[in-house]
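Read the structure below first, then the notes.
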Protein chains: 2
Amino acid sequence: MTEQAFFVLTALVGEPRHGYGIVGEVAELSGGRVSLRVGTLYGVLDRLVAEGLVEPDREEVANGRLRRYYRLTERGRDELATEADRQAANARAAVARLRAWRPGEAT
Amino acid sequence: MTEQAFFVLTALVGEPRHGYGIVGEVAELSGGRVSLRVGTLYGVLDRLVAEGLVEPDREEVANGRLRRYYRLTERGRDELATEADRQAANARAAVARLRAWRPGEAT
DNA sequence: GCACTATATATCGGCATGCGACATATGCAT
DNA sequence: ATGCATATGTCGCATGCCGATATATAGTGC
(Lines give C-alpha, C1' and ligand atoms only; values in the text may rest on other atoms or scores of the structure.)
Protein backbone atom coordinates (compact mmCIF):
# COMPACT_ATOMS: atom_id res chain seq x y z
CA MET A 1 0.00 0.00 0.00
CA THR A 2 1.31 3.44 -0.91
CA GLU A 3 1.66 6.19 1.66
CA GLN A 4 -1.02 8.23 -0.08
CA ALA A 5 -3.55 5.40 0.04
CA PHE A 6 -2.66 4.81 3.67
CA PHE A 7 -3.46 8.41 4.58
CA VAL A 8 -6.69 8.46 2.58
CA LEU A 9 -7.90 5.44 4.57
CA THR A 10 -6.81 7.05 7.83
CA ALA A 11 -8.65 10.26 6.95
CA LEU A 12 -11.85 8.29 6.39
CA VAL A 13 -11.82 6.54 9.76
CA GLY A 14 -14.91 7.47 11.78
CA GLU A 15 -16.73 9.71 9.36
CA PRO A 16 -17.28 9.89 5.60
CA ARG A 17 -15.52 12.75 3.84
CA HIS A 18 -15.58 14.30 0.39
CA GLY A 19 -12.53 14.56 -1.87
CA TYR A 20 -11.43 18.06 -1.10
CA GLY A 21 -12.03 17.44 2.60
CA ILE A 22 -9.75 14.40 2.49
CA VAL A 23 -6.91 16.54 1.14
CA GLY A 24 -7.18 18.89 4.09
CA GLU A 25 -7.56 16.10 6.62
CA VAL A 26 -4.47 14.28 5.32
CA ALA A 27 -2.40 17.44 5.55
CA GLU A 28 -3.56 17.91 9.14
CA LEU A 29 -3.14 14.39 10.48
CA SER A 30 0.28 13.99 8.86
CA GLY A 31 1.41 17.27 10.40
CA GLY A 32 1.96 18.72 6.94
CA ARG A 33 4.44 15.96 6.08
CA VAL A 34 2.21 14.57 3.36
CA SER A 35 0.43 16.84 0.94
CA LEU A 36 -2.00 14.79 -1.10
CA ARG A 37 -2.46 16.40 -4.54
CA VAL A 38 -5.74 16.42 -6.40
CA GLY A 39 -4.07 14.74 -9.34
CA THR A 40 -3.25 11.90 -6.97
CA LEU A 41 -6.47 11.84 -4.96
CA TYR A 42 -8.96 10.64 -7.55
CA GLY A 43 -6.66 7.93 -8.82
CA VAL A 44 -6.10 6.65 -5.29
CA LEU A 45 -9.83 6.86 -4.50
CA ASP A 46 -10.79 4.93 -7.64
CA ARG A 47 -8.29 2.20 -6.80
CA LEU A 48 -9.48 1.94 -3.20
CA VAL A 49 -13.11 1.68 -4.36
CA ALA A 50 -12.12 -1.00 -6.90
CA GLU A 51 -10.38 -2.93 -4.09
CA GLY A 52 -13.42 -2.61 -1.85
CA LEU A 53 -11.63 -0.68 0.88
CA VAL A 54 -13.68 2.47 0.33
CA GLU A 55 -17.16 3.05 -1.07
CA PRO A 56 -19.23 6.02 -2.21
CA ASP A 57 -21.38 7.35 0.63
CA ARG A 58 -23.65 10.14 -0.60
CA GLU A 59 -23.73 13.33 -2.62
CA GLU A 60 -24.53 16.71 -1.20
CA VAL A 61 -24.83 20.21 -2.53
CA ALA A 62 -23.33 22.75 -0.15
CA ASN A 63 -23.19 26.39 -1.19
CA GLY A 64 -23.97 25.43 -4.76
CA ARG A 65 -20.96 23.13 -4.92
CA LEU A 66 -21.27 19.37 -5.28
CA ARG A 67 -19.74 17.25 -2.56
CA ARG A 68 -19.15 13.58 -3.20
CA TYR A 69 -18.63 11.65 0.03
CA TYR A 70 -16.71 8.41 0.52
CA ARG A 71 -16.65 6.08 3.51
CA LEU A 72 -14.39 3.34 4.77
CA THR A 73 -15.62 -0.23 4.44
CA GLU A 74 -15.14 -2.94 7.06
CA ARG A 75 -12.36 -4.41 4.93
CA GLY A 76 -10.79 -0.99 4.51
CA ARG A 77 -10.65 -0.64 8.26
CA ASP A 78 -9.03 -4.05 8.66
CA GLU A 79 -6.49 -3.36 5.92
CA LEU A 80 -5.59 -0.04 7.49
CA ALA A 81 -5.03 -1.68 10.88
CA THR A 82 -2.83 -4.35 9.28
CA GLU A 83 -0.85 -1.78 7.35
CA ALA A 84 -0.35 0.37 10.44
CA ASP A 85 1.12 -2.66 12.23
CA ARG A 86 3.41 -3.30 9.28
CA GLN A 87 4.71 0.25 9.30
CA ALA A 88 5.25 0.20 13.03
CA ALA A 89 7.15 -3.10 12.71
CA ASN A 90 9.31 -1.72 9.90
CA ALA A 91 10.17 1.36 11.93
CA ARG A 92 10.99 -0.79 14.96
CA ALA A 93 13.28 -3.04 12.90
CA ALA A 94 15.22 -0.03 11.59
CA VAL A 95 15.48 1.68 14.97
CA ALA A 96 16.63 -1.54 16.65
CA ARG A 97 19.44 -1.93 14.12
CA LEU A 98 20.46 1.71 14.35
CA ARG A 99 20.72 1.37 18.12
CA ALA A 100 22.64 -1.90 17.97
CA TRP A 101 25.33 -0.43 15.75
CA ARG A 102 26.31 2.99 16.94
CA PRO A 103 28.81 4.91 14.74
CA GLY A 104 32.27 3.45 15.19
CA GLU A 105 30.96 0.26 16.72
CA ALA A 106 30.96 -1.68 13.43
CA THR A 107 31.20 -5.46 13.62
CA MET B 1 11.30 7.01 0.21
CA THR B 2 9.94 3.69 -1.03
CA GLU B 3 9.63 0.68 1.25
CA GLN B 4 12.26 -1.15 -0.78
CA ALA B 5 14.82 1.64 -0.41
CA PHE B 6 14.01 1.81 3.30
CA PHE B 7 14.83 -1.87 3.74
CA VAL B 8 18.01 -1.69 1.68
CA LEU B 9 19.26 1.08 3.97
CA THR B 10 18.25 -0.91 7.04
CA ALA B 11 20.04 -4.00 5.74
CA LEU B 12 23.26 -1.99 5.34
CA VAL B 13 23.32 -0.64 8.90
CA GLY B 14 26.44 -1.82 10.70
CA GLU B 15 28.20 -3.78 8.00
CA PRO B 16 28.64 -3.51 4.23
CA ARG B 17 26.84 -6.12 2.18
CA HIS B 18 26.80 -7.25 -1.43
CA GLY B 19 23.71 -7.23 -3.64
CA TYR B 20 22.59 -10.78 -3.26
CA GLY B 21 23.31 -10.62 0.47
CA ILE B 22 21.03 -7.59 0.80
CA VAL B 23 18.15 -9.54 -0.72
CA GLY B 24 18.48 -12.24 1.92
CA GLU B 25 18.93 -9.76 4.75
CA VAL B 26 15.83 -7.80 3.76
CA ALA B 27 13.74 -10.96 3.66
CA GLU B 28 14.99 -11.86 7.12
CA LEU B 29 14.63 -8.53 8.89
CA SER B 30 11.16 -7.94 7.42
CA GLY B 31 10.07 -11.37 8.58
CA GLY B 32 9.41 -12.39 4.98
CA ARG B 33 6.91 -9.57 4.54
CA VAL B 34 9.10 -7.83 1.96
CA SER B 35 10.81 -9.79 -0.77
CA LEU B 36 13.18 -7.52 -2.60
CA ARG B 37 13.54 -8.71 -6.19
CA VAL B 38 16.80 -8.53 -8.11
CA GLY B 39 15.08 -6.53 -10.81
CA THR B 40 14.33 -3.96 -8.12
CA LEU B 41 17.60 -4.14 -6.21
CA TYR B 42 20.01 -2.61 -8.69
CA GLY B 43 17.70 0.22 -9.56
CA VAL B 44 17.25 1.04 -5.88
CA LEU B 45 20.98 0.75 -5.25
CA ASP B 46 21.85 3.06 -8.16
CA ARG B 47 19.40 5.68 -6.91
CA LEU B 48 20.69 5.49 -3.35
CA VAL B 49 24.28 5.86 -4.57
CA ALA B 50 23.25 8.84 -6.73
CA GLU B 51 21.60 10.43 -3.67
CA GLY B 52 24.70 9.83 -1.56
CA LEU B 53 22.96 7.58 0.95
CA VAL B 54 24.96 4.51 -0.02
CA GLU B 55 28.41 4.09 -1.56
CA PRO B 56 30.44 1.27 -3.10
CA ASP B 57 32.65 -0.40 -0.51
CA ARG B 58 34.87 -3.03 -2.12
CA GLU B 59 34.88 -5.96 -4.51
CA GLU B 60 35.70 -9.48 -3.55
CA VAL B 61 35.91 -12.79 -5.33
CA ALA B 62 34.45 -15.62 -3.25
CA ASN B 63 34.24 -19.12 -4.75
CA GLY B 64 34.93 -17.71 -8.19
CA ARG B 65 31.95 -15.37 -7.94
CA LEU B 66 32.28 -11.61 -7.85
CA ARG B 67 30.85 -9.83 -4.83
CA ARG B 68 30.28 -6.10 -5.02
CA TYR B 69 29.85 -4.58 -1.55
CA TYR B 70 27.97 -1.41 -0.63
CA ARG B 71 28.01 0.55 2.62
CA LEU B 72 25.77 3.11 4.27
CA THR B 73 27.01 6.70 4.33
CA GLU B 74 26.61 9.08 7.27
CA ARG B 75 23.79 10.80 5.40
CA GLY B 76 22.18 7.46 4.60
CA ARG B 77 22.12 6.66 8.29
CA ASP B 78 20.53 10.00 9.13
CA GLU B 79 17.93 9.65 6.38
CA LEU B 80 17.04 6.17 7.58
CA ALA B 81 16.57 7.41 11.15
CA THR B 82 14.34 10.25 9.92
CA GLU B 83 12.30 7.92 7.74
CA ALA B 84 11.86 5.43 10.58
CA ASP B 85 10.46 8.25 12.73
CA ARG B 86 8.09 9.22 9.94
CA GLN B 87 6.79 5.67 9.58
CA ALA B 88 6.34 5.31 13.31
CA ALA B 89 4.43 8.61 13.41
CA ASN B 90 2.20 7.56 10.51
CA ALA B 91 1.39 4.27 12.21
CA ARG B 92 0.65 6.06 15.49
CA ALA B 93 -1.70 8.51 13.76
CA ALA B 94 -3.67 5.66 12.15
CA VAL B 95 -3.85 3.59 15.32
CA ALA B 96 -4.95 6.59 17.38
CA ARG B 97 -7.84 7.23 14.99
CA LEU B 98 -8.84 3.59 14.83
CA ARG B 99 -8.99 3.50 18.62
CA ALA B 100 -10.93 6.75 18.90
CA TRP B 101 -13.68 5.54 16.57
CA ARG B 102 -14.62 1.98 17.38
CA PRO B 103 -17.16 0.31 15.04
CA GLY B 104 -20.62 1.67 15.73
CA GLU B 105 -19.28 4.70 17.55
CA ALA B 106 -19.38 6.96 14.51
CA THR B 107 -19.66 10.69 15.08
C1' DG C 1 28.60 -36.23 -18.81
C1' DC C 2 24.18 -33.61 -18.05
C1' DA C 3 20.61 -31.30 -15.70
C1' DC C 4 19.38 -28.68 -12.03
C1' DT C 5 19.93 -25.53 -8.17
C1' DA C 6 22.13 -21.81 -5.55
C1' DT C 7 24.96 -17.93 -5.81
C1' DA C 8 25.95 -13.55 -8.10
C1' DT C 9 25.96 -10.02 -11.42
C1' DA C 10 23.12 -6.92 -14.65
C1' DT C 11 19.51 -5.17 -18.33
C1' DC C 12 15.01 -4.45 -20.48
C1' DG C 13 10.18 -3.62 -20.98
C1' DG C 14 5.54 -3.45 -19.14
C1' DC C 15 2.55 -1.79 -15.72
C1' DA C 16 1.17 1.04 -11.71
C1' DT C 17 1.47 5.20 -9.35
C1' DG C 18 2.31 10.22 -8.12
C1' DC C 19 1.81 14.71 -9.49
C1' DG C 20 2.00 19.10 -12.17
C1' DA C 21 -0.87 21.29 -15.36
C1' DC C 22 -5.05 22.07 -17.06
C1' DA C 23 -10.28 22.42 -17.43
C1' DT C 24 -14.72 23.64 -15.33
C1' DA C 25 -17.94 25.79 -12.03
C1' DT C 26 -19.88 28.49 -7.79
C1' DG C 27 -19.78 31.94 -3.98
C1' DC C 28 -17.47 35.64 -1.70
C1' DA C 29 -14.48 39.54 -1.07
C1' DT C 30 -11.98 43.40 -3.08
C1' DA D 1 -14.36 42.68 -12.96
C1' DT D 2 -10.69 40.20 -10.97
C1' DG D 3 -9.05 36.96 -7.97
C1' DC D 4 -9.31 33.49 -4.35
C1' DA D 5 -11.16 29.39 -1.90
C1' DT D 6 -13.91 25.54 -2.67
C1' DA D 7 -14.91 21.48 -5.45
C1' DT D 8 -14.91 18.20 -9.14
C1' DG D 9 -12.21 15.74 -12.67
C1' DT D 10 -8.69 14.50 -16.87
C1' DC D 11 -4.17 13.99 -19.20
C1' DG D 12 0.56 13.10 -19.83
C1' DC D 13 5.15 12.66 -18.04
C1' DA D 14 8.44 10.69 -14.93
C1' DT D 15 9.49 7.43 -11.54
C1' DG D 16 9.67 2.98 -9.58
C1' DC D 17 8.63 -2.13 -9.02
C1' DC D 18 9.24 -6.49 -10.82
C1' DG D 19 8.99 -10.51 -14.12
C1' DA D 20 11.73 -12.18 -17.68
C1' DT D 21 15.95 -12.72 -19.53
C1' DA D 22 21.07 -13.14 -19.97
C1' DT D 23 25.64 -14.52 -18.23
C1' DA D 24 28.82 -17.15 -15.27
C1' DT D 25 30.64 -20.42 -11.49
C1' DA D 26 30.32 -24.31 -8.04
C1' DG D 27 28.06 -28.08 -6.12
C1' DT D 28 24.61 -32.01 -6.16
C1' DG D 29 21.92 -35.85 -8.14
C1' DC D 30 21.43 -39.29 -11.74
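Quick note on labels: first sequence line is chain A, next is B, and so on, each numbered from 1.
- Shown for residues 51-59 of chain B: no residue has heavy atoms falling under 4.0 angstrom of DNA chain C.
- Listed by chain and number, the residues in a side chain to side chain donor-acceptor pair (under 3.5 Å) with B:Arg58 are B:Glu60 (sequence neighbours excluded).
- Among residues two or more places apart in sequence or in another chain, the side chain to side chain donor-acceptor pair (under 3.5 Å) test is passed with A:Glu51 by none.
- For A:Asp46, there are no side chain to side chain donor-acceptor pair (under 3.5 Å) partners two or more places apart in sequence or in a different chain.
- B:Arg68 is linked by a salt bridge (charged side-chain N to carboxylate O under 4.0 Å, His left out) to B:Glu59, counting only residues two or more places apart in sequence or in another chain.
- For residues 79-92 of chain A, the set of pairs meeting the salt bridge (Lys or Arg N to Asp or Glu O under 4.0 Å) definition, not counting sequence neighbours, comprises A:Glu83-A:Arg86, A:Arg86-B:Glu3.
- Identified under the salt bridge (Lys or Arg N to Asp or Glu O under 4.0 Å) test for residues 22-44 of chain B, with sequence neighbours left out: A:Arg97-B:Glu25, B:Arg17-B:Glu25.
- Pairs passing the ring-ring contact (aromatic ring centres under 6.0 Å, His included) check and including a residue from residues 77-99 of chain B, sequence neighbours excluded, do not occur.
- In this structure, CD of B:Glu60 is placed 19 Å from P of D:dT25, rounded to the nearest angstrom.
- Listed by residue number, the members of residues 19-48 of chain B with any heavy atom below 4.0 angstrom from DNA chain C are B:Gly19, B:Tyr20, B:Val38, B:Gly39, B:Tyr42.
- The span of DNA chain C lying next to chain B, judged by atoms under 4.0 Å from heavy atoms, is bounded 5' to 3' by C:dT7 to C:dT11.
- Residue pairs meeting the ring-ring contact (aromatic ring centres under 6.0 Å, His included) criterion with at least one partner in residues 25-54 of chain A, sequence neighbours excluded, are absent.
- Taking atom CG of B:Asn63 as the reference point, atom P of D:dT28 lies 12 Å away to the nearest angstrom.
- Residue pairs meeting the ring-ring contact (aromatic ring centres under 6.0 Å, His included) criterion with at least one member in residues 52-88 of chain A, sequence neighbours excluded, are A:His18-A:Tyr69.
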